[in-house]
Amino acid sequence: MPELPEVQSMIDNLIEENCLNKQITNIETIMPKLFKNCDFDQFKKHLMNEKITNITRNGKYLVFHLTHNKVFVVHLRMEGKLFFEKNDSPYDKKHTLVFIEMGDEVLRYHDTRRFGTFTIYSEDDYLDSKEIKKLALDPLQEEYDWKYLKNNLSKSSRVIKTSLLDQTNVAGIGNIYADEILFASKIHPTKIANELSDKEFKDIAKNSTLILKKAVENKGTTISTYFYKKEKKGEFQNFLKVHTKKGFPCPGCKAEIIKIKVNGRGTYLCPRCQKM
DNA sequence: ACAATATCCTGCGAGC
DNA sequence: TGCTCGCAGGATATTG
């Protein structure tokens, strides 16, 4: 599931593959329902003959900046992936849902679960859109620190893992990295957020930045289907300490890693290192 | 106002 | 073997 490091790795790859500044010559889809604030014809009209001038990120959203002050925003949700390829290269016919053609090349959107979203805005108003406006800072932003985190999380009587997944408290963290951050901070995922000490907020702030940074350097985590580029897996799964490690020994204390449910989400932890 | 739950969707693995 | 069933999960809508 793409979280901040996976989204960033995909953006980095698209730019590296030279998808910027090429005229869009055609757009096709087999899934018009992906387009959320417009119908497909409007989306097509919005992009046609423009160029992508830059790709930026807000939380887990990809922002494609176009010529003529236009923008489109993509969220990959569970399984979305973007590949920039030659038009005549082979592709998965069943799960490739959107084609943004640029001459003999094409930006393809692949999504087996069809959960992703596409929206269109102008450059001037996308930051005020309802999905991006409410995003908190992410752990890689300069202004992010433990006081900011404490201020956002300590308002909540929910359990800390649920609060960490709430993009209005801190952006970019999903189920994998929430487990890893809480393990590194030695905090039980079901501890009530507003009962954490200053030291615990400091630890979460520090570890979230460290872990996401290292995950970006390793091009994300491939557990099952994530690729930052065609057939290219991330490497951060090799550094996971608890997530997916049920039954394995804790790298710290050798106790057995367990899996529990926290608000419906599969959650991995070391019961000895992460005490209530 | 907040928090828990249902919803979207498909592939996959468990179990009979 | 082949079927059904339930699970996985990010964000949003709905319900409590």
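Computation of the quantities below employed the complete heavy-atom set of this structure, encompassing side-chain atoms and omitting hydrogens, waters and symmetry-equivalent molecules. Residue numbers begin at 1 in each chain, while the letters A, B, ... track the order of the sequences.
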(request) Give the first and the last nucleotide of DNA chain B, reading 5' to 3', that has any atom under 4.0 Å from a heavy atom of chain A. (result) B:dA3 to B:dG11
Which atom pairs, donor and acceptor, lie under 3.5 Å between side-chain atoms of residues 203-221 of chain A and protein residues at least two apart or in another chain?
residue, atom, partner, partner atom, Å
A:D203, OD2, A:K199, NZ, 2.7
A:N207, ND2, A:A184, O, 3.4
A:N207, ND2, A:S185, OG, 2.9
A:N207, ND2, A:D203, O, 3.0
A:S208, OG, A:Y144, OH, 2.8
A:S208, OG, A:I204, O, 2.8
A:S208, OG, A:A205, O, 2.8
A:T209, OG1, A:P139, O, 2.9
A:T209, OG1, A:A205, O, 3.2
A:N218, ND2, A:K214, O, 2.8
A:T221, OG1, A:Y177, OH, 2.7

(request) Tell me, please, which residues at least two apart from A:T162 pass side-chain hydrogen bond (donor to acceptor under 3.5 Å, both in side chains). (result) none
Indicate every side-chain donor-acceptor pair of residues 236-249 of chain A with a distance under 3.5 Å to a residue at least two apart or in another chain.
residue, atom, partner, partner atom, Å
A:Q237, OE1, A:T222, N, 2.9
A:Q237, NE2, A:G234, O, 2.8
A:N238, ND2, A:E235, O, 3.2
A:N238, ND2, A:E235, OE1, 3.1
A:H243, ND1, A:D179, OD2, 2.9

(request) Hey, could you give me each pair passing ring-ring contact (aromatic ring centres under 6.0 Å, His included) that has a residue in residues 16-62 of chain A? Not counting sequence neighbours. (result) A:F35-A:F40, A:F35-A:F43, A:F35-A:F118, A:F43-A:F72, A:F43-A:F118, A:Y61-A:H75
(request) Answer with yes or no whether the hydrophobic clustering places A:I187 together with A:I192; edges join I, L, V, M, F, W, Y residues whose side-chain heavy atoms lie under 4.5 Å apart. (result) no
(message) Within the 4.5 Å heavy-atom criterion, are A:M78 and A:D111 side-chain neighbours or not?
(response) no
(message) At 4.0 Å (heavy atoms only), tell me whether A:K94 reaches a base, stays on the sugar-phosphate, or touches nothing.
(response) sugar-phosphate
(message) Rounding to 10°, can you tell me the angle the first-five-pair axis of the helix from B:dC2-C:dG16 to B:dC16-C:dG2 makes with its last-five-pair axis?
(response) 60°
(request) Using side-chain hydrogen bond (donor to acceptor under 3.5 Å, both in side chains) as the criterion, list what pairs up with A:Q42, not counting sequence neighbours. (result) none
(request) Spell out protein contact along nucleotides 11-16 of chain C as letters: B when the base is contacted, S when just the sugar-phosphate is, - when no protein heavy atom is under 4.0 Å; keep the 5' to 3' order. (result) BS----
(message) Expected output is a numbered-order residue list: members of residues 150-163 of chain A with a heavy atom under 4.0 Å from any atom of DNA chain B. What is it?
(response) A:S156, A:S157, A:R158
(message) Assess, by modelled atom type and distance only, whether the side chains of A:T25 and A:E101 contain a donor and an acceptor separated by less than 3.5 Å.
(response) no
(message) Taking side-chain hydrogen bond (donor to acceptor under 3.5 Å, both in side chains) as the definition, give me every residue that meets it alongside A:D104, ordered by chain and number, with sequence neighbours left out.
(response) none
(request) Spell out, yes or no, whether A:V74 and A:I120 are grouped together once hydrophobic residues are joined by side-chain heavy atoms under 4.5 Å, including indirect joins. (result) yes
(request) Tell me, please, which residues at least two apart from A:H95 pass ring-ring contact (aromatic ring centres under 6.0 Å, His included). (result) A:H110
(message) I'd like to know if A:E17 and A:K229 make a salt bridge, using a cut-off of under 4.0 Å between side-chain N and carboxylate O.
(response) yes
(message) As a test of understanding, state which of A:K36, A:E131, A:K130 forms a side chain to side chain donor-acceptor pair (under 3.5 Å) with A:T119.
(response) A:E131
(request) Could you list by number each residue of residues 108-118 of chain A showing a heavy-atom separation from DNA chain B of less than 4.0 Å, or answer none if no residue does? (result) A:T112, A:R113, A:R114, A:F115
